[in-house]
Asks: 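Shown below is the structure under consideration.
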Amino acid sequence: MISLSENARIILKQRYLQRDHQGRVFETPEEMFARVARHVAAAEGIYRKSKDPAGTEQDFFEVMTDLDFLPNSPTLMNAGTRLGQLAACFVLPVPDSIRGIFRAVSEMAVIHQSGGGTGFSFSSLRPEGGVVKSTGGIASGPVSFMRVFDQATDVVKQGGRRRGANMGILSVHHPDIRTFIQAKENPDEFTNFNISVAVTDRFMKSVKSGGRIPLINPRTGKVEREENASDLLDLMALTAWNTGDPGLFFVDEVNRKNPTPHLGWMEGTNPCGELPLYPYESCNLGSINLLHMVRNGRVDYMKLKRIIGIGVRFLDNIIDLNRYPFSGIKRMTLANRKIGLGIMGWADMLIRLGLPYDSDKALGLAARLMKFVTREARAASAELARERGAFPNFSTSLYKKKGLPPLRNATVTTVAPTGTISIIAGTSSGIEPNFAVSFIRHVLDGRDLMEFNPLFEDMAAKIMTPQLMDEIMGVGSIRNVRAVPKKIRDLFKTAMDIAPEAHLRVQAAFQRYTDNAVSKTVNLPEQATARDVRKIFVMAHALKCKGVTVYRYGSKGNQVLNLMKQEPGSRVSVDQEFNGHCRICGI
């Protein structure tokens, strides 16, 4: 019997388990994992030198039922079914034509229906007010067309199970950049979009020098006007302070680390920003539960290495088995064979190791651990390349130029927010700190579930009283609860207890050794200022992050996390599928 929380079982029943034609669930969680393991292991038969499919199937089944590793949601939902679409992340092109734009809307709808999320760069669209030569009309600009994508997403529910999620990106050098930055100031607009500004090194240099940057019409290539760079960054910071958007996408850093630069400039990501991809490229994700990688107070690197090897094989198999929504996506995905093996449960691992989340020792471990994960994932990818062949674009990649051995996958590691799969695994989300020690979870069936962090319950069992429990449930954090020993208070710092700069340093430590990007929210307290946000933006660029996202508590009226209530009898509360990644609030 799999050890699942009540909320995990509810989510599985609502979203993941198979139903008959009358909508009745006929699958157990164990049967779901068996279905997925059987389907994904079937790819072994494609290659003569592959492992025995039966043994591989057993490995896949065990790591999932032990909750040591879980793939992204579309794989759990669709593996072994008629739909068969197993990837989570897609980027689609948006050409500067009516036909091209609405083709992208149509392709987005198909991907959302299959359970995937989509990212778009709108930087090629001519600005508002530009002349349309074919009709003599006036262009409405990228933000206007984004509304079409947003409304279409509202109509198409992902496979009947999830709302659609999008990322919209616009170059900081686009003439409509101010309109884009402020696009989400109305909380009722673009509710299905995260947005990020593609920020260049040139822009950041101009911010420091007080200089101006050119705004270039992508249609004509001509400079329309100039803007003061510092003023633009101030606007981004103020709007992010107020709404949580936009984030910043450091496009030059992304392309510096791109292993296949001969394919062109990369300017799009998946909805949460951790997967930079080319147009028509997709990627599938899976995450290792770090809570289960601790033994006798130490990181169990032997077990971690084994799970990494299984995870890489699992994700590579998916590339061959996936039923791609369009031939162009299949062609591009097979050419690079990108996978995104990541981690979840970082905060819970640190608690098990006795390390405060914002300590120097935790920061050092973050870098060492992610370096190990990427090194071993590449070793597993190299083994697969010997067995099955390198990814087709390897011969023109930077790996080849550097004299590295052939790899099966152009990228191997990503740090995703993990969302519902970390709830299923019973651990903290991605590399986020725990958002509360205790809370009430509002379940879609109308029930409220009381949840206490089980690690805290174990450590504080001797001091816990009904009065203390009630006090903790009212505020979520134990920072000021003096009845709890300081050592325990330090270990259970919540997202709002940690300085924004410490959040960012954690992200940068993981990014240093991650092939793709890192999804991480830099949490700020309600009293933070726009100037504080600006400092985080500048610091993120200096630390060579590939992107940065901030969330100031209270900046969203419909936020899914409600903390620090002062009324008698009040409780910290969260929505059913919230697990600590504030940026996807509202999506």
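Everything quoted here is computed from the prediction, not taken from an experiment.
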Asks: Please report the closest heavy-atom contact between Ala410 and Pro259, naming both atoms and the distance.
Replies: O-CG, 3.6 Å
Asks: Quick one: does Val415's side chain get under 4.5 Å of Glu274's, heavy atoms only?
Replies: no
Asks: Counting only N and O atoms by type, is there a donor-acceptor contact under 3.5 Å from the side chain of Lys184 to the main-chain atoms of Phe193?
Replies: yes
Asks: Quick one, Thr411 with Asp515, criterion side chain to side chain donor-acceptor pair (under 3.5 Å). Give me CA distance, side-chain angles, the key distance, then yes/no.
Replies: CA-CA 6 Å; Thr411 64; Asp515 282 350; 5.4 Å; no
Asks: Looking only at side chains, do Thr494 and Asn434 share a donor and an acceptor under 3.5 Å apart?
Replies: no
Asks: Is Asn186 reaching over with its side chain to a backbone N or O of Asp188, donor-acceptor style, under 3.5 angstrom?
Replies: yes
Asks: With distance as the sole test, does Gln18 use its side chain to make a donor-acceptor pair with the main-chain N or O of Met77 at under 3.5 Å?
Replies: yes
Asks: Taking the side chain as everything from C-beta on, heavy atoms only, tell me whether Phe314 gets closer than 4.5 Å to Met64.
Replies: yes
Asks: Please report the shortest heavy-atom distance between Ile319 and Lys338, naming the atom on each side.
Replies: CD1-O, 3.9 Å
Asks: Ignoring hydrogens and angles, tell me if any N or O in the side chain of Gln507 forms a donor-acceptor pair with the backbone of Gly547 under 3.5 Å.
Replies: yes
Asks: Do Ile329 and Tyr280 have side chains that get closer than 4.5 Å, going by heavy atoms?
Replies: yes
Asks: Taking the side chain as every heavy atom from C-beta outward, state whether Val94 and Ser121 have any pair of such atoms under 4.5 Å apart.
Replies: no
Asks: Whether the Asn336 and Tyr278 side chains hold a donor-acceptor pair (N or O, under 3.5 Å, no angle test) is what I'd like checked.
Replies: no
Asks: Within a reach of under 6.0 Å around CZ of Arg9, are more than 12 heavy atoms found that belong to other residues, nucleotides or ligands?
Replies: yes
Asks: Looking at every non-hydrogen atom in both residues, tell me the closest pair between Ala104 and Pro93 and how far apart they are.
Replies: CB-O, 3.5 Å
Asks: Can you give me the closest heavy-atom contact between Met167 and Pro271, atom names plus distance?
Replies: CE-O, 3.4 Å
Asks: State whether the side chain of Asn270 and the backbone N or O of Leu275 hold a donor-acceptor pair below 3.5 Å, judged by distance alone.
Replies: yes
Asks: Within this structure, what is the CD1-CG distance for the pair Ile310 and Asp59, rounded to the nearest 0.5 Å?
Replies: 4.5 Å
Asks: Test side chain to side chain donor-acceptor pair (under 3.5 Å) on Asn192 and Asp154 and set out the steps.
Replies: CA-CA 7 Å; Asn192 303 299; Asp154 264 338; 3.1 Å; yes
Asks: Closer than 3.5 angstrom, by distance alone: can the side chain of Glu57 be matched with the main-chain N or O of Ala41 as a donor-acceptor pair?
Replies: no
Asks: Using 30° and 60° as the class limits, which term best fits the ring planes of Phe456 and Phe492: parallel, tilted or perpendicular?
Replies: perpendicular
Asks: Counting neighbours of CZ on Arg323 that are heavy atoms of other residues, nucleotides or ligands and sit closer than 6.0 Å, is the number greater than 12?
Replies: yes
Asks: Can you check whether Tyr16 reaches Ile11 side chain to side chain, under 4.5 Å on heavy atoms?
Replies: yes
Asks: Do Ser428 and Met349 have side chains that get closer than 4.5 Å, going by heavy atoms?
Replies: no
Asks: Does a side-chain heavy-atom distance below 4.5 Å link Thr243 with Pro187?
Replies: no
Asks: So how far is it from Asn317 CG to Asn322 CG, rounded to the nearest 0.5 Å?
Replies: 12.0 Å
Asks: Got a second to check how far Leu86's CG is from Asn284's CG, nearest 0.5 Å?
Replies: 7.5 Å
Asks: Keeping the roles fixed (side chain from Asn289, backbone from Leu67), state whether a donor-acceptor pair exists under 3.5 Å.
Replies: yes
Asks: For Phe149 together with Phe120, are the ring centres under 6.0 Å from each other?
Replies: yes
Asks: One pair to check against salt bridge (Lys or Arg N to Asp or Glu O under 4.0 Å): Asp320 and Arg408. What are the steps and the verdict?
Replies: CA-CA 12 Å; Asp320 292 318; Arg408 180 67 171 166; 3.8 Å; yes
Asks: Do Asn72 and Thr75 pass the side chain to side chain donor-acceptor pair (under 3.5 Å) test, and can you show the C-alpha distance, the side-chain angles, and the key distance before you say yes or no?
Replies: CA-CA 6 Å; Asn72 52 214; Thr75 298; 3.1 Å; yes
Asks: Enter the distance from Thr333:OG1 to Arg337:CZ here, rounded to the nearest 0.5 Å.
Replies: 10.0 Å
Asks: Find the distance between CG (Asn453) and CG (Asp348) and round it off to the nearest 0.5 Å.
Replies: 5.5 Å
Asks: Does the side chain of His292 come within less than 4.5 Å of Asp66's, by heavy atoms?
Replies: no
